[in-house]
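Quick note on labels: first sequence line is chain A, next is B, and so on, each numbered from 1. No experiment lies behind these values; they were computed from the predicted model shown.
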Amino acid sequence: MQEAMISKAKQLLADGTVTRVIGWKKGEFAYDITPAIFESSEEIDRDFVYDDFTSTNVSKYLVKESKKEGKILAFLKPCDTYSLNQLTKEHRVDRDNIYVVGIPSDGKLDIEKIKAKGITGITGVERDGETLKISTVYGDETMSVADVMSNKCISCKSKKHVTYDELIGEDGEVITSDRFDMVEKLENMTSEERYNFWRGELSKCIRCNACRNVCPACTCENCVFNNPDSGVENKAAADSFEENMFHIIRAFHVAGRCTDCGECSRVCPQNIPLHLLNRKFIKDINSLYGEYQAGADTTTKAPLNDYTTEDCEASIVHERGVE
Amino acid sequence: MQVNDNKEFQPLIVAFCCNWCSYAGADLSGTNRLNYPTNVKIIRVPCSCRVNPMFILRAFQRGADGVILCGCHPGDCHYTSGNYFTRRRMTLLFSMLDFLGIERDRTRVEWVSAAEGAKFAATMNEFTEAVKKLGPNRRLEDLRCRKQ
Amino acid sequence: MNAIDTLIPHIGVVTDIRQDTPDVKTFRVNAIQPDGTASGKVFEHMPGQCAMLSIPGVGEGMFSITSSPTNNEFMEFSIKKCGCLTSWLHAMEVGQQITIRGPYGNNFPVETELKGKDLLFIAGGIGLAPLRSVINYVRDNRENYGDVQIIYGSRSKDDLVDYQEIINEWEADPNIQVNLTIDREQEGWDGHVGFVPNYVKELNPSLSKTVLICGPPIMIKFTLAGLKELGFTETQVYTTMELRMKCAVGKCGRCNIGDKYVCKDGPVFRFDQLDELPDEY
Amino acid sequence: MLKISVEKIDELFKAIAEKQTLYIPTDREDGASEYKKYEDGMKLSGNLNTLRSAKDFFFPQTENLADFKMEGKKIEVIDIREEAEDFVVFGVRACDARSFTILDKVFLSDPVDSYYKNRRDHGTIVTMACTKPAETCFCQTFGIDPTEPEGDVACWSDGESIFFKANTEKGQAFVDSVSGLLEDGDTTKLDETKAKTKEIMGKLPLANLSTEAFGGDKLMEHFKSEKWAELSESCLGCGTCTFVCPTCQCYDIKDFNTGNGIKRFRCWDSCMYSDFTKMAHGNIRNSQLERFRQRFMHKLVYFPSNNNGEFGCVGCGRCMSKCPISMNIVKVMKALEVK
């Protein structure tokens with residue numbers, strides 16, 4: 001795949017279709033991949049990489065990059081295309097200035113999961129079908145790929161590209177996933193159990209803002225939490241209330257716009273399952289206002305910008321589920 | 001102002017009332033000499049859809065034990081459709097608060113027209129009772145704001 | 001715990017407020033004595049040093065102390081209204097208490113390098129505030145210094161800070177040459193009209209002078225270029241800087257220009273020192 | 001050397017916890033480890049590093065500085081400082097132990113930060129030598145030997161026993177207080193363990209990383225480097241690197257109006273944030289490039305310039321594993337050192 005992408009990028013650069021390429025760049029180790037902009041085929045030959053660790057969603061960079069001079073080539077995985085489509089819908093990117101090449105993704109790996117198995121001193125990772133060979137300074141290890149698949153890929157919602165100018169390989173299908181299982185499990189707990197669960201998770205938050213800054217739906221020029229005039233500006237949660245507040249409001253602000261790309265949970269240094277908050281909103285929207293997938297198209301109205309006179313009353317919250 | 005019996009817990013209720021219907025409804029309940037608890041603090045808003053989720057959370061932070069949002073009946077919004085948006089927003093927000101384990105009876109949306117003074121008083125009495133049963137808000141409070 | 005910590009402020013009380021220009025007020029601050037009366041200074045300082053003033057709940061900010069150390073009765077701060085905290089300060093009434101901590105930073109080297117020198121002060125707008133402290137210090141120790149010249153410019157006559165003091169005391173002082181200028185023609189103004197950098201060039205001050213300059217960054221930039229054209233060297237020119245500060249003691253990590261902290265190593269810099277630092281201000 | 005057998009470590013923890021608060025690194029469900037207050041039955045983590053560094057004990061993410069009561073035009077300052085209780089932090093790695101030397105240079109230099117000093121005076125740091133360094137480790141670049149950690153008390157494990165050596169008076173007092181549980185032991189196996197670790201240190205991918213190209217005298221050269229644009233282009237501007245860093249010490253001071261008084265508190269701040277240097281009249285570091293450059297220049301150039309050549313990094317590798325886009329100080333150093 002990587003070779004096909006490199007030759008495609010070089011071809012599009014050479015024939016002048018694009019002036020820049022956004023992709024991923026090799027790091028120090030086998031897994032520390034950084035998103036990068038390439039401007040020449042030399043740079044691409046030297047650093048371009050597409051492998052099991054290129055999980056970063058590069059759509060958000062296109063907000064800035066698409067406004068620069070010259071067309072940019074973006075290699076997007078199926079889930080990334082949803083983000084781009086949503087950004088296009090919200091007029092945050094200049095879609096005409098982006099050349100999207102859809103690339104398939106058979107699931108990315110999570111280095112944290114590998115390390116959590118006690119493996120350290122990693123010098124190389126090699127994938128052979130469904131097994132993973134890891135060489136370390138302490139000797140070699142093998143494990144199953146499924147064991148260390150990143151969470152966002154385990155609950156993949158679609159292998160289909162919703163926007164592209166060109167595809168490499170075959171397009172996939174929207175798939176039924178079990179992504180709402182955990183939300184449902186929590187819904188079936190008692191209110192106190194839920195409270196304890198979330199207190200345990202959210203109290204880990206260090207307010208690094210990685211979830212917000214990586215989120216393709218969070219593209220405000222100035223976030224309420226950065227704006228001293230908003231009255232809620234804060235840099236660190238000085239009280240448990242502020243931990244709750246930040247995550248509730250953030251999830252609410254992206255409700256109906258979140259494509260469930262899973263980046264928030266991937267980047268959280270404290271491994272807080274933040275995607276569950278977003279999924280809760282998605283699940284509620286689906287069940288109360290009809291099935292809706294943000295980013296699936298660029299025309300439909302977002303559920304929170306819309307209403308029907310027959311909508312349910314807020315009291316539905318009090319009537320259903322577990323107290 | 002506040003008559004606080006030390007033995008019995010008196011919840012602090014914040015009621016966001018829309019200017020056109022519910023606030024007038026509250027007024028009417030007053031002129032009709034209907035009783036509702038003194039611990040209900042009314043905040044007048046131009047339309048129920050002016051209420052941002054942050055308002056609700058901030059009320060809890062500052063010591064509210066329950067927050068109720070009152071607006072015109074669906075279809076009667078002074079601005080045609082404001083309360084329809086409110087309805088979706090608050091449904092989702094309350095559902096999220098419930099998901100985080102905040103007691104669901106601390107929040108409510110009620111439609112009160114300018115003519116429904118009696119409904120306003122009854123709603124406030126009922127809501128206050130419901131919150132009183134739950135006790136003080138502990139799950140969504142800011143410890144720094146707790147009165148010493 | 002009884003260890004002194006600089007982050008815990010003193011209380012000062014505002015005993016006089018003077019409206020200098022439409023957006024600048026000068027506040028007189030006194031210490032509170034054990035018997036509750038307001039008199040004297042909260043602490044001693046040197047010309048050019050700053051203090052952190054704050055209204056709890058609103059914010060804290062670094063302000064240069066406008067009054068001269070030789071004034072033993074009170075401290076003064078000339079503050080321009082431009083943000084949240086300064087708006088609050090402008091809304092204060094006499095008798096309001098504020099928190100104050102300091103003094104912070106270095107000072108103009110009035111007791112060392114500037115001693116015996118001919119001095120040229122160049123200020124623009126609110127930039128007079130930190131220089132006023134030096135000017136009055138020099139006036140009170142006149143025998144230690146040579147010629148004193150002040151070139152001060154502002155947008156209009158109404159925007160000249162401390163105008164009354166300038167006319168009544170500085171201009172009346174035969175040992176001081178004062179040159180005022182405003183940006184645009186104005187009724188009732190028969191003085192010079194024009195920007196400060198050009199006026200400096202017109203006046204063509206003697207190269208023997210040591211220059212102290214403060215004003216908007218753009219004015220400093222062009223004035224410095226003008227001075228260089230006239231033949232001044234960077235080692236002759238001092239300025240004072242301002243960046244966002246929180247701790248004022250070189251620990252909170254934001255007011256640095258290169259490896260120098262403005263709050264601790266500054267705010268007074270000589271231009272040859274700034275030359276060795278990145279252009280980040 | 002004094003030692004205790006690994007099986008009896010719980011007894012030791014219990015004995016310490018009886019006298020003062022004890023914090024040990026312990027594993028979480030997700031595989032990461034974090035410091036927790038010791039309670040009976042808690043197990044010492046086998047991980048190399050905790051997710052958050054040990055600086056939290058001395059410089060917490062938020063702390064109250066003072067309270068104010070406002071009444072009419074009057075302001076009352078309430079000094080809320082209290083003498084800290086004695087506590088022990090067990091199992092600090094060599095890199096984190098060095099971070100205190102760096103933090104001390106900031107907080108204990110004149111004027112002394114009494115909040116930090118208070119905790120520093122009352123905290124005993126018990127370090128633990130590393131035996132299984134990770135690929136992200138580069139403490140040796142900064143002259144740290146992970147087999148000879150600093151700290152009030154240094155500990156080593158050879159798999160069977162844990163050995164203790166006091167480095168300071170405070171450390172000696174600590175060792176004396178638990179000496180009943182310790183016995184004299186032979187260090188032959190320990191010396192082998194150390195040698196093995198040292199051998200692995202040499203094999204690590206970052207073993208040859210050097211600080212030669214950095215230091216206070218390289219200010220303008222690095223500041224003006226053209227590489228910053230490329231290095232910073234993918235930076236998200238989040239604060240992950242600063243908040244997991246054991247040496248980052250920038251803070252903000254804020255006021256919170258509780259409705260019945262004002263609390264002035266300080267909290268960690270990050271030079272990566274857009275409002276870090278924002279003033280009423282503008283911002284001196286408007287682009288992410290400038291903010292990104294500030295962070296690395298501070299660690300590699302400004303800090304050594306002000307502190308006799310000591311770098312502001314200890315090579316713990318946390319930023320390397322936690323950065324959402326895997327941009328980190330090693331990549332910056334490698335890019336800048338190429339002329």
> Do you know which of C:I55, C:I4, C:V13, C:L277 has the most heavy-atom pairs with chain D at a distance under 4.5 angstrom?
Replying inline: C:L277
>> What verdict does the side-chain contact (heavy atoms from CB on, under 4.5 Å) test give for D:T141 and D:F311, after you've listed the backbone C-alpha separation in whole Å, the side-chain angles of each residue and the deciding distance to 0.1 Å?
In response: CA-CA 10 Å; D:T141 303; D:F311 289 93; over 6 Å; no
> Checking heavy atoms, do the side chain of C:C247, its backbone, both or neither come under 4.5 Å from chain D?
Replying inline: both
> What are the two closest non-hydrogen atoms of C:L128 and C:V161, and how far apart are they?
Replying inline: CD2-O, 3.5 Å
> Quick one: of C:C255, C:G83, C:G59, C:A3, who has the most non-hydrogen atom pairs under 4.5 Å with chain D?
Replying inline: C:A3
>> Please classify the contact between D:F256 and chain C as side chain, backbone, both or neither, with a heavy-atom cut-off of under 4.5 Å.
In response: neither
> Where does C:I11 contact chain D at under 4.5 Å (heavy atoms): side chain, backbone, both or neither?
Replying inline: side chain
>> Holding to side-chain contact (heavy atoms from CB on, under 4.5 Å), I want the full list of residues that pass it with D:A229, two or more places apart in sequence or in another chain.
In response: D:L289
> Taking all atoms of both residues into account, what is the closest heavy-atom pair of D:C313 and D:G315, and its distance?
Replying inline: SG-N, 3.4 Å
Can you pull out all donor-acceptor pairs below 3.5 Å that join chain D and chain C?
{"from": "D:K73", "atom 1": "O", "to": "C:Q97", "atom 2": "N", "distance (Å)": "2.8"}
{"from": "D:K73", "atom 1": "NZ", "to": "C:E93", "atom 2": "OE1", "distance (Å)": "3.4"}
{"from": "D:K73", "atom 1": "NZ", "to": "C:V94", "atom 2": "O", "distance (Å)": "2.8"}
{"from": "D:I75", "atom 1": "N", "to": "C:Q97", "atom 2": "OE1", "distance (Å)": "2.8"}
{"from": "D:R81", "atom 1": "NH1", "to": "C:A3", "atom 2": "O", "distance (Å)": "2.8"}
{"from": "D:R81", "atom 1": "NH2", "to": "C:A3", "atom 2": "O", "distance (Å)": "2.6"}
{"from": "D:V106", "atom 1": "O", "to": "C:K251", "atom 2": "NZ", "distance (Å)": "2.6"}
{"from": "D:S109", "atom 1": "O", "to": "C:K251", "atom 2": "NZ", "distance (Å)": "3.0"}
{"from": "D:S109", "atom 1": "OG", "to": "C:K251", "atom 2": "NZ", "distance (Å)": "3.4"}
{"from": "D:P111", "atom 1": "O", "to": "C:K251", "atom 2": "NZ", "distance (Å)": "3.1"}
{"from": "D:S114", "atom 1": "N", "to": "C:D5", "atom 2": "OD2", "distance (Å)": "2.7"}
{"from": "D:S114", "atom 1": "OG", "to": "C:D5", "atom 2": "OD2", "distance (Å)": "2.5"}
{"from": "D:Q249", "atom 1": "NE2", "to": "C:K251", "atom 2": "O", "distance (Å)": "2.9"}
{"from": "D:Y251", "atom 1": "N", "to": "C:C252", "atom 2": "O", "distance (Å)": "3.3"}
{"from": "D:Y251", "atom 1": "O", "to": "C:R254", "atom 2": "NH2", "distance (Å)": "2.3"}
{"from": "D:D252", "atom 1": "OD1", "to": "C:K246", "atom 2": "NZ", "distance (Å)": "3.3"}
{"from": "D:I253", "atom 1": "O", "to": "C:K246", "atom 2": "NZ", "distance (Å)": "3.4"}
{"from": "D:D255", "atom 1": "OD2", "to": "C:G57", "atom 2": "N", "distance (Å)": "2.7"}
{"from": "D:R264", "atom 1": "NH1", "to": "C:E60", "atom 2": "OE2", "distance (Å)": "3.4"}
{"from": "D:R264", "atom 1": "NH2", "to": "C:S54", "atom 2": "OG", "distance (Å)": "2.6"}
{"from": "D:D269", "atom 1": "OD2", "to": "C:R254", "atom 2": "NH1", "distance (Å)": "3.2"}
{"from": "D:D269", "atom 1": "OD2", "to": "C:R254", "atom 2": "NH2", "distance (Å)": "3.2"}
{"from": "D:F276", "atom 1": "O", "to": "C:R244", "atom 2": "NE", "distance (Å)": "3.4"}
{"from": "D:F276", "atom 1": "O", "to": "C:R254", "atom 2": "NH1", "distance (Å)": "3.0"}
{"from": "D:K278", "atom 1": "O", "to": "C:R244", "atom 2": "NH1", "distance (Å)": "2.5"}
{"from": "D:R285", "atom 1": "NE", "to": "C:E280", "atom 2": "OE2", "distance (Å)": "3.3"}
{"from": "D:R285", "atom 1": "NH2", "to": "C:N256", "atom 2": "O", "distance (Å)": "3.1"}
{"from": "D:R285", "atom 1": "NH2", "to": "C:N256", "atom 2": "OD1", "distance (Å)": "2.7"}
{"from": "D:Q294", "atom 1": "OE1", "to": "C:N256", "atom 2": "ND2", "distance (Å)": "3.1"}
{"from": "D:Q294", "atom 1": "NE2", "to": "C:N256", "atom 2": "OD1", "distance (Å)": "3.2"}
{"from": "D:S305", "atom 1": "OG", "to": "C:D259", "atom 2": "OD2", "distance (Å)": "2.3"}
{"from": "D:N306", "atom 1": "ND2", "to": "C:D259", "atom 2": "O", "distance (Å)": "2.8"}

> D:F87: what forms a ring-ring contact (aromatic ring centres under 6.0 Å, His included) with it, not counting sequence neighbours?
Replying inline: D:F58
> D:M297 versus chain C, heavy atoms under 4.5 Å apart: side chain, backbone, both or neither?
Replying inline: neither
>> If you count heavy-atom pairs within less than 4.5 Å of chain C, which of D:P111, D:G216, D:G72 leads?
In response: D:P111
>> Pair C:I100, C:F77 - check side-chain contact (heavy atoms from CB on, under 4.5 Å), show working.
In response: CA-CA 11 Å; C:I100 174 167; C:F77 298 89; 3.8 Å; yes
>> Could you report the tightest heavy-atom contact between C:M62 and C:A248, atom names first, then the distance?
In response: CE-CB, 4.0 Å
> Which atoms of D:F276 come close to chain C, meaning under 4.5 Å heavy atom to heavy atom: side chain ones, backbone ones, both, or neither?
Replying inline: both
>> So which residue, C:I257, C:V249, C:L243, ends up with the most heavy-atom pairs under 4.5 Å with chain D?
In response: C:L243
>> Within this structure, what is the CE-CG distance for the pair C:M241 and C:L274, rounded to the nearest 0.5 Å?
In response: 5.5 Å
>> If you compare all heavy atoms of C:F43 against all heavy atoms of C:A51, which two are closest, and at what distance to 0.1 Å?
In response: CZ-CB, 3.8 Å
> side-chain contact (heavy atoms from CB on, under 4.5 Å) between C:I213 and C:V237: does it pass, once the steps are laid out?
Replying inline: CA-CA 7 Å; C:I213 178 169; C:V237 188; 3.7 Å; yes
>> If we define contacts as heavy-atom pairs under 4.5 Å, which of C:C84, C:P278, C:C82 has the most with chain D?
In response: C:P278
>> For C:V58, which atoms come within 4.5 Å of any heavy atom of chain D: side chain, backbone, both, or neither?
In response: backbone
> Looking at D:I253, D:I75, D:I284, which makes the most heavy-atom pairs under 4.5 Å with chain C?
Replying inline: D:I75
>> Need one label for D:V112: side chain, backbone, both or neither, based on atoms under 4.5 Å from any heavy atom in chain C.
In response: backbone
>> If I measure from the heavy atoms of chain D, does C:L85 come under 4.5 Å with its side chain, its backbone, both, or neither?
In response: neither
> For D:V314 and D:F142, which heavy atoms make the closest approach, and how far apart are they?
Replying inline: C-CD1, 3.8 Å
> Taking only residues two or more places apart in sequence or in another chain, which ones pass ring-ring contact (aromatic ring centres under 6.0 Å, His included) with D:F292?
Replying inline: D:F296
> Which heavy atom in D:K331 sits nearest to a heavy atom in D:M327, and how many Å separate them?
Replying inline: CB-SD, 4.0 Å
